[in-house]
Trainee: 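Structure below; questions to follow.
Note on naming: letters A, B, ... go to the chains in the order of the sequence lines (proteins, then strands), and numbering restarts at 1 for each one. The figures here come from the full heavy-atom set of this structure, side chains too, leaving out hydrogens, waters and symmetry mates.
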Protein chains: 2
Amino acid sequence: MPKDTGTRAEQRARTRRTLIRQGRRLFAEHGYGQVGLAGIVAAAEVTKGALYHHFDGKAALFRAVLEEVQQEVGASVAGAADAHTDPWEQLTSGCRAFLTASTAPDVRRIMLVDGPAVLGWREWRALDEASSAHHLREALASLVDAGILAPQPVAPLANLLSGAMNEAALWLADSGGEQDLEDVWSALSRLLESLRDN
Amino acid sequence: MPKDTGTRAEQRARTRRTLIRQGRRLFAEHGYGQVGLAGIVAAAEVTKGALYHHFDGKAALFRAVLEEVQQEVGASVAGAADAHTDPWEQLTSGCRAFLTASTAPDVRRIMLVDGPAVLGWREWRALDEASSAHHLREALASLVDAGILAPQPVAPLANLLSGAMNEAALWLADSGGEQDLEDVWSALSRLLESLRDN
DNA sequence: TAACTCGACATACCGTTGGTATGTGAAAGG
DNA sequence: CCTTTCACATACCAACGGTATGTCGAGTTA
């Protein structure tokens, strides 16, 4: 594995990616508070100088990791939704994709548990909004426009559903099969179904 | 304010209460990670020796603080629910009480943001279960028994609703009036209403 | 191509933090 | 009274996040 080869931009990008990768691994495995910079830079086979050259500090590295996680989840949700043309199926498949994606252990810990505490809920919410929350709000809005959902403010409803799915993902990841995905999904889809007009 | 008076048990209890009080204040104001033991013991006018005599460490103090917060919220929910005899009104008034109680700044930060990250989601959930979550589950169960809700597993539904309300409380506390309690509450009560059979 | 610049780190160091080991003086018990 | 016990206070430590400075090679210029 050549490490100090290639152009400078390549080396820079590779170091940054390695820091994010190892940071993500360690943050996911032990939690933000239990991971030291020493462990991260050792795993990445660099020094603290490199970390502070790329990021403003520990929290900034975590933010970069969280952004990566959020983007993956958002892409998964968008991909699932775009596979359908019917707006209702777009909503349900998007929600289901969110559930399965955010049940992964690293997503769970980084995005759902440590994220708000480390970055503050406000900034966490901004990242969530940019990556996947707006999908939900837009899906609900188009359902209201199509008359499938009763006319109502979509923003509060989107927040409620988002919180419900976050909690569901936490339960799923924790119970580890004891409470199956299908049980939670049937409860969530029943909830969504009950919202339909008529 | 006499500090070193009274029996030993009284002194002990007073010191413990003071530590919890000041810890709660500082944790709520600055967040768990930004608060040092030095600040806590200074505010409580004791030393670290006292803190470690009463608690196993920083996280254990936080746990005691969180337990107090949870119990207050739980008592508020139970009180609101017990004020009604109709099971549906018990549910709705309990949910509304939860919303208003957990919108308070210290409850929000300690219980909803830092709690899961500091203690781990599993332990956090256990405390939540003991204090208020079981109220929700029991209310839903009796509504199913009464035929007001369609027969369904209540545990997953309770989790979804709990998550929805947590997120709603975070939004409420953050927007600070911009997004009013009534907006969120109307969305939540609409959601609950849509669950009713017929 | 030789001299120079600059960026991508490495090294050495610092203040603060959570945690521990030990000391102490007053209240409880006989 | 004397002893024990307990509720802390004091002194200390290792580890942590963060910073200031040094270094060396790739890129640029003459």
Side-chain angles (χ1 to χ4, degrees), chain A residues 1-24 26-27 29-66 110 114 117-120, chain B residues 1-24 26-27 29-66 110 114 117-120:
Chain A
M1 195 200 291
K3 283 171 188 173
D4 49 355
T5 66
T7 170
R8 278 244 290 259
E10 288 172 350
Q11 283 198 38
R12 176 179 172 82
R14 182 164 50 233
T15 300
R16 185 186 156 90
R17 279 200 311 264
T18 305
L19 281 168
I20 291 183
R21 267 190 98 227
Q22 299 299 326
R24 174 170 177 169
L26 293 169
F27 287 148
E29 190 171 351
H30 308 291
Y32 180 82
Q34 306 305 316
V35 175
L37 293 185
I40 298 175
V41 298
E45 297 181 76
V46 292
T47 64
K48 284 202 285 184
L51 197 155
Y52 276 90
H53 182 70
H54 284 277
F55 304 98
D56 281 344
K58 190 186 177 185
L61 172 62
F62 180 85
R63 191 197 146 94
V65 169
L66 176 56
I110 293 170
D114 283 339
V118 174
L119 299 182
Chain B
M1 194 201 294
K3 285 171 189 173
D4 48 356
T5 66
T7 169
R8 274 237 293 251
E10 288 172 349
Q11 283 198 37
R12 176 179 171 81
R14 183 164 50 233
T15 300
R16 186 187 155 89
R17 279 200 311 265
T18 306
L19 280 169
I20 291 183
R21 266 191 97 225
Q22 298 300 326
R24 174 170 178 170
L26 292 169
F27 286 148
E29 190 172 350
H30 307 291
Y32 180 82
Q34 305 307 313
V35 175
L37 293 184
I40 297 176
V41 298
E45 297 180 74
V46 293
T47 64
K48 283 202 286 184
L51 196 154
Y52 276 90
H53 182 69
H54 284 277
F55 304 98
D56 281 342
K58 189 186 177 186
L61 171 62
F62 180 85
R63 190 197 148 95
V65 169
L66 176 56
I110 293 171
D114 283 339
V118 173
L119 300 182

Trainee: Can you check the Glu45(B) CD to dA9(D) C1' distance for me, whole Å?
Mentor: 15 Å
Trainee: Quickly work out the Ile40(A) CD1 to dC16(D) C1' distance and round it to whole Å.
Mentor: 12 Å
Trainee: Counting side-chain heavy atoms from CB outward, which of dA9(D), dC9(C), dG19(C) is closest to Ala50(A)?
Mentor: dC9(C)
Trainee: Rounding to a whole Å, what distance do you find between His54(B):NE2 and dG19(C):P?
Mentor: 17 Å
Trainee: Measure CG/Leu51(A) against P/dT19(D) and give the value in whole Å, please.
Mentor: 12 Å
Trainee: Please report the distance, rounded to the nearest Å, between CZ in Phe62(A) and C1' in dG17(D).
Mentor: 16 Å
Trainee: Between dA8(C), dA10(C), dG17(D), which nucleotide gets closest to the side-chain atoms of Val46(A)?
Mentor: dA10(C)
Trainee: Do you know which of Asp114(B), Leu19(B), Ile20(B) makes side-chain contact (heavy atoms from CB on, under 4.5 Å) with Val65(B)?
Mentor: Ile20(B)
Trainee: Can you find a pair of side-chain heavy atoms, one from Val46(B) and one from Thr18(B), that are under 4.5 Å apart?
Mentor: no
Trainee: What I'd like to find out is whether the side chain of Glu45(A) reaches to under 4.5 Å of the side chain of Gln22(A), using heavy atoms alone.
Mentor: no
Trainee: With respect to the side chain of Leu37(B), which nucleotide from dG19(C), dT11(C), dG18(D) is positioned closest?
Mentor: dG19(C)
Trainee: Indicate whether OP1 or OP2 belonging to dC8(D) is found under 4.0 Å from a side-chain N or O atom of Thr15(B).
Mentor: yes
Trainee: Of the options dA10(C), dA8(C), dG18(C), whose atoms approach the side-chain atoms of Lys58(B) most closely?
Mentor: dG18(C)
Trainee: Tyr52(B) has a side chain; which of dT20(C), dA9(D), dC9(C) sits nearest to it?
Mentor: dT20(C)
Trainee: Answer whether the closest heavy-atom distance between the side chains of Val41(B) and Tyr52(B) falls below 4.5 Å.
Mentor: no
Trainee: If I take atom CD in residue Glu10(B) and atom P in nucleotide dA28(C), what distance separates them, rounded to the nearest angstrom?
Mentor: 9 Å
Trainee: Just checking Val35(B): base, sugar-phosphate only, or nothing, at a heavy-atom cut-off of under 4.0 Å?
Mentor: sugar-phosphate
Trainee: By nearest heavy atom, map Gly49(A) and Tyr32(B) onto DNA chain C; which one lands nearer the 5' end?
Mentor: Gly49(A)
Trainee: Quick check for you: among dC9(C), dG18(D), dT5(D), whose closest atom lies nearest to any side-chain atom of Arg8(B)?
Mentor: dT5(D)
Trainee: Respond yes when some side-chain nitrogen or oxygen of Thr7(A) is under 4.0 Å from OP1 or OP2 of dG27(D), and no when none is.
Mentor: yes
Trainee: Counting distance only, does the side-chain N/O of Gln34(A) pair as donor-acceptor with the main-chain N or O of Gly31(A) below 3.5 Å?
Mentor: no
Trainee: From CD of Gln34(A) over to P of dG18(C), roughly how many Å is that when rounded to an integer?
Mentor: 13 Å
Trainee: Nearest of dA7(D), dA8(C), dT19(D) to any side-chain atom of His53(A)?
Mentor: dA8(C)
Trainee: Check the distance between dG17(D)'s P and Lys48(A)'s NZ and give it to me in whole angstrom.
Mentor: 7 Å
